[in-house]
Structures are given as structure tokens and as C-alpha cells.
Amino acid sequence: WKKSEKTYDFLWPKTTKDKFQKISRKMVEPRVKQILAEIPNKFLKNKLIFDSGCGTGRYIECFLKQKPKKIIGMDRGVSIIKENKKRFKKFKNLEFKVGDVKKIPYKNEVFDFVCSAGVLHHSGQKLEKLINEHCRVIKKNGYFFIFIIAKGGLLSETWNFARKLLKDVPVNYVYNYLEKKINPLRMQGFVDHIYTSNIPTKRLRLEKILKKKFTKVTKLKGIMGADLTPEIYKKDKFYRKRFGEGDLRY
């Protein structure tokens, strides 16, 4: 898990320089549009938002357009947070801090909306405990977006094989070798799957946990070309064999 943290802190500031942050954000924009469609119109205006495991702030850039009172982005990566403070320095309603998703440094019922996008399966802790910790800081009648990976599929087996194959190859060597050969966004996905550990879960298990905490639990379909969901691949009869249960977005 420490290796995962170091990998992200090494990689993200490099692969989101200049125009590539904009390209990366454009991939997130339709995802955020799906999220906003499931909550009341203009709900986030003048509200408090928490991005848990914020990375380079792609989701935050999108949420800023909703004119919230304040957004707090937290990540374990010291370099990531340092770069974010530079990148977003003109925004007065935005704060970044180094912190751990396993123990969120805020009191109960602080935030109106909490976002956890592709983070919790990398933390090395039991999912229910992590979700309970995030629910703790959400206000009554607040909202929570969560994305984690599910079990199964040939793709998962392929990444597991690659992870074992390259376990003794330093991440900086792979980065330097591929830097001029592939798009930085492809680099993110490649290194993400090979140099980080994860704990996938089953869809029904996630839904069971969420239903204990929320009055309404809605599945999001994700976006074509970036997400692996049965809604997107409904015409693919080999979907389960290829991707298992895919991406879990709620």
C-alpha cells in the first residue's frame, strides 16, 4: 500500500502537466454531469464539498463550476498536494491538504457532498469501515459519490500477471521508457494498474453497505471509452468474461 501511495505521488504531477490536465478533466466532465443529474438542481451552490483522494483535482475543477461555498481536496500524496496548491492558487474557496482516507481529519456531519473517485480500493482497509468513515463527515440529507473496482474478468487477470512480471522494475524506469511513446493519460492507466495494489469488491456487497447508510442508492452508467459498466457494454455478450462486474459507480 505504501508502494501505491508513492506511485501516485510520483506519477500524477508528471502526467497532468499543462494541456494534459485539461484533457484529463474533459474525461471527468461527463462523469460529473451524471452525478449532478442525480441530485437536486443547484444543490452544490454555497455548499461544502469534500474530495477524498482528490488526485490532481479533476473532479474539483468540475465542481467549482457549481459555485460551492468551499471545496476541500485531500490526498496522501505530498507532491500532488503541492502541485495542486500552485495550480489552483487563484481560487479562494478551495483548500488542499495531505490526509488519509482511512481517518478523515474532520468532525461529524461537516460536508454536504463527498466524492471518492477510484480511491478506496487502493487503501488496504475493509470497504465497510472506509465507507462508514466517509459517511461520518456527511451532513444529514447530504450526498456521496463513490467509484471502486469490482471483481473478476480477464482484464483483471491480465493486470495481475503484469503486476507480477514487473514487480522488480522501478516505476521511474517504466515512466522514462514510455514517456515519449504513449499519451500521458494512457500512462496513468498503465502504471495505475501495475504499480498499485487494490482490493476489488462485489457489486451486491457494495450496494448492501450503501443501503445501510443512505435512503437512496443509484447506479451510474459511466461514460463510453473510459468506464467499464454493463450499461455501456450491454451489447457485448462477453462483458462478464472480459471485465467481471466492471466499475462500480454510485
Side-chain angles (χ1 to χ4, degrees), residues 1-32 51-65 71 73-91 94 96-101 115-124 145 147-149 155-156 158-163 165-198 200 222-228 247 249:
W1 305 111
K2 291 291 183 183
K3 182 179 178 181
S4 297
E5 291 175 9
K6 289 180 180 179
T7 295
Y8 283 122
D9 204 31
F10 166 82
L11 181 72
W12 280 91
K14 295 181 181 296
T15 57
T16 54
K17 288 180 180 178
D18 305 322
K19 66 178 182 179
F20 293 109
Q21 173 74 358
K22 295 180 180 179
I23 297 172
S24 188
R25 187 195 68 232
K26 283 188 176 297
M27 185 173 67
V28 167
E29 286 174 348
R31 292 173 175 168
V32 171
D51 190 345
S52 177
C54 63
T56 58
R58 301 177 300 164
Y59 282 83
I60 285 174
E61 282 190 84
C62 297
F63 289 131
L64 278 170
K65 296 177 182 178
I71 302 179
M74 185 186 78
D75 201 281
R76 286 278 290 181
V78 175
S79 296
I80 289 174
I81 294 300
K82 183 179 179 180
E83 288 299 314
N84 284 352
K85 287 180 177 180
K86 293 179 183 177
R87 179 178 287 151
F88 295 96
K89 62 183 179 181
K90 69 177 182 179
F91 293 97
L94 186 52
F96 288 102
K97 69 181 302 174
V98 176
D100 194 335
V101 298
C115 174
S116 175
V119 178
L120 299 189
H121 49 253
H122 290 304
S123 70
F145 168 68
F147 155 47
I148 59 174
I149 60 172
L155 182 62
S156 178
T158 302
W159 287 126
N160 288 338
F161 171 77
R163 191 177 295 119
L165 185 69
L166 296 175
K167 68 177 182 179
D168 295 323
V169 180
V171 65
N172 61 307
Y173 176 85
V174 172
Y175 176 83
N176 292 335
Y177 179 76
L178 293 175
E179 183 183 11
K180 304 296 184 181
K181 296 179 175 64
I182 62 175
N183 184 290
L185 301 184
R186 291 299 180 194
M187 176 88 78
Q188 287 176 4
F190 182 80
V191 177
D192 177 4
H193 288 89
I194 292 176
Y195 284 90
T196 63
S197 299
N198 62 69
I223 61 170
M224 179 65 73
D227 300 330
L228 306 174
D247 296 335
R249 298 176 176 277

Measuring from [X]:[atom1] to [Y]:[atom2], what's the distance to the nearest 0.5 Å?
X      : Y      : atom1 : atom2 : answer
Cys54  : Ile60  : SG    : CD1   : 4.5 Å
Glu83  : Asp75  : CD    : CG    : 12.5 Å
Ile149 : Asn198 : CD1   : CG    : 3.5 Å
Met27  : Leu185 : CE    : CG    : 6.0 Å
Asp51  : Ile71  : CG    : CD1   : 8.0 Å

Practice task
Report the residues that fulfil side chain to side chain donor-acceptor pair (under 3.5 Å) with Ser24, sequence neighbours left out, ordered by chain and then residue number.
Solution key: Arg58
Practice task
Apply side chain to side chain donor-acceptor pair (under 3.5 Å) to Arg163 and list each qualifying residue two or more places apart in sequence or on a separate chain.
Solution key: Asn160
How would you list, by chain and number, every residue that makes a salt bridge (charged side-chain N to carboxylate O under 4.0 Å, His left out) with [X], sequence neighbours excluded?
X      : value
Lys181 : none
Asp247 : none
Arg25  : Glu29, Glu61

Name every donor-acceptor pair, under 3.5 Å, that has one atom in a side chain of residues 5-15 and the other anywhere in the protein, sequence neighbours excluded.
from  : atom 1 : to     : atom 2 : distance (Å)
Glu5  : OE1    : Arg76  : NE     : 3.4
Glu5  : OE1    : Arg76  : NH2    : 3.1
Glu5  : OE2    : Arg76  : NE     : 3.1
Glu5  : OE2    : Arg76  : NH2    : 3.3
Thr7  : OG1    : Lys3   : O      : 2.8
Thr7  : OG1    : Tyr195 : O      : 3.0
Tyr8  : OH     : His122 : NE2    : 2.8
Tyr8  : OH     : Asp192 : OD1    : 2.4
Asp9  : OD1    : Val78  : N      : 3.3
Asp9  : OD1    : Ser79  : N      : 2.8
Asp9  : OD1    : Ile80  : N      : 2.9
Asp9  : OD2    : Val78  : N      : 3.4
Asp9  : OD2    : Ser79  : N      : 3.2
Asp9  : OD2    : Ser79  : OG     : 3.4
Thr15 : OG1    : Leu11  : O      : 3.3
Thr15 : OG1    : Gln188 : NE2    : 3.0

Practice task
Under the ring-ring contact (aromatic ring centres under 6.0 Å, His included) rule, collect the residues that match up with Phe96, sequence neighbours excluded.
Solution key: Phe88
Fill in the blank from the handout: Heavy-atom nearest pair, Val101 first then Ser52, reads CG1-OG, 3.1 Å
Exercise for the section: Answer yes or no: is there a side-chain heavy-atom contact under 4.5 Å between Asp227 and Arg31? Expected result: yes
Practice task
Taking the side chain as every heavy atom from C-beta outward, state whether Ile23 and Lys26 have any pair of such atoms under 4.5 Å apart.
Solution key: no
Distance-only donor-acceptor hits, side chain of residues 166-180, under 3.5 Å, sequence neighbours excluded:
from   : atom 1 : to     : atom 2 : distance (Å)
Asn176 : ND2    : Asn172 : O      : 3.1

Fill in the blank from the handout: By side-chain contact (heavy atoms from CB on, under 4.5 Å), Ser197 pairs with (sequence neighbours left out) Trp1, Ser4
Practice task
May I ask you to decide if Trp159's main-chain N or O and His193's side chain share a donor-acceptor pair within less than 3.5 Å?
Solution key: no
